[in-house]
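To start, the structure itself, in structure tokens.
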2 protein chains.
Amino acid sequence: MNDHIHRERGLEQALLLMQKAGLKRTKNREVLLELLTCEHGPFTIEEIQKKLKRDALDLVTVYRCMQAFEKASLVRRCDFGDGIARFEYQGDEAHHHHHVICIECRRTESLEGCELPKLESKVKRLGYSSVRHSLEFFGVCKHCSS
Amino acid sequence: MNDHIHRERGLEQALLLMQKAGLKRTKNREVLLELLTCEHGPFTIEEIQKKLKRDALDLVTVYRCMQAFEKASLVRRCDFGDGIARFEYQGDEAHHHHHVICIECRRTESLEGCELPKLESKVKRLGYSSVRHSLEFFGVCKHCSS
DNA sequence: ATATGTGCAAACGTTTTGCAACTTC
DNA sequence: GAAGTTGCAAAACGTTTGCACATAT
């Protein structure tokens, strides 16, 4: 189906971006990028490893690949304030967005849109370069408050 | 001087709030609150302990007090994405604000103002309760970019 | 007198590092 | 064959927990 073809495209594109960044194409990285381009959520390192249990990647390998992917801007690191890093595929269009995190069950949703250019330019006026920001919402979701 | 008197006031008020929250007034907590009401920045646990070296608080004690203070809303926990918790005094007026963090030297500045009520209400419409958000800016500061 | 706070040591969970073997280009 | 990647074991890091002793109300 169309959907299936899109996924293949996404993966091929990711692999291309990866090689353009000087990273070698290995089986491990193929499997990792396949997962990340197909499933959306931000995942912890452990979640990623568990989802790939058939391929039995070492945890350390997942860590190192995520670091490499992050440096290559293939992946975005999300910090939800619980001391566990999460990663999310980030194609060529940056597609900047934020998340809502339930402080009880840690379920997450994506939030489209984000209008805070004022603060951003304030920061630049303060003399900072390479400015980026992270905005996360925390709350108790429907499932947990009932 | 006036400034000095203000500080005393701040500390007395903090101690009052602390006791109102059911926490006992101990020498350790006095010293901690004195530091937190006088100096502004968000501090890591280790920074706090080092600044109080004369009083030689155990690291664990600092951890536990900060937890207690956070629960009592005396202190705000800041997560700057480097896996190290930071704490900042937060008087009775919540005085909501954000920070700019230099991604090289970790120096921080406070940012007044914050207009993102739209996203906040979007989150509430999604069914979340007790919604809070954290917004942090990251960049390379003047000192580091030269 | 009771509940709360403290210091020390030891554990915890996530992440990083060292190194020898292996794979990609 | 040179550079980069992997798995394993071990370390590092910030943080939390258990427990006996001390202190505040």
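The sequence lines fix the lettering, A, B, ..., with proteins before strands; numbering per chain opens at 1. This one's a predicted model, so the numbers in the text were calculated from it and none came from an experiment.
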Looking at A/R29 and D/dG4, is any side-chain donor or acceptor paired with a base atom of the opposite kind under 3.5 Å? no
Measure from the side chain of B/T26, starting at C-beta and using heavy atoms only, and say which of D/dA24, D/dG7, D/dT25 lies closest. D/dA24
Per atom distances to the A/A85 side chain, the nearest of C/dT15, C/dC25, D/dG7 is C/dT15
Per nearest nucleotide of DNA chain D, the residue lying toward the 5' end, B/R86 or A/L23, is A/L23
Rounding to an integer number of Å, can you tell me how far B/Y63 OH sits from C/dC12 P? 17 Å
Residue B/K24, side-chain heavy atoms: nucleotide from C/dT4, D/dT5, C/dG7 that is nearest: C/dT4
Has the side chain of A/D82 got a donor or acceptor atom that lies under 3.5 Å from a matching backbone atom of A/I84? yes
To the side chain of A/I84, which of C/dT15, C/dC8, D/dT6 is closest? C/dT15
Is the distance from the ring center of B/F137 to that of B/H98 below 6.0 Å? no
Keeping A/R29 on the side-chain end and A/K24 on the backbone end, is there a donor-acceptor pair under 3.5 Å? yes
Side-chain donor/acceptor contact of B/R64 with base of D/dG18 under 3.5 Å: yes
Output the rounded distance in Å from CZ (A/F87) to P (C/dT15). 7 Å
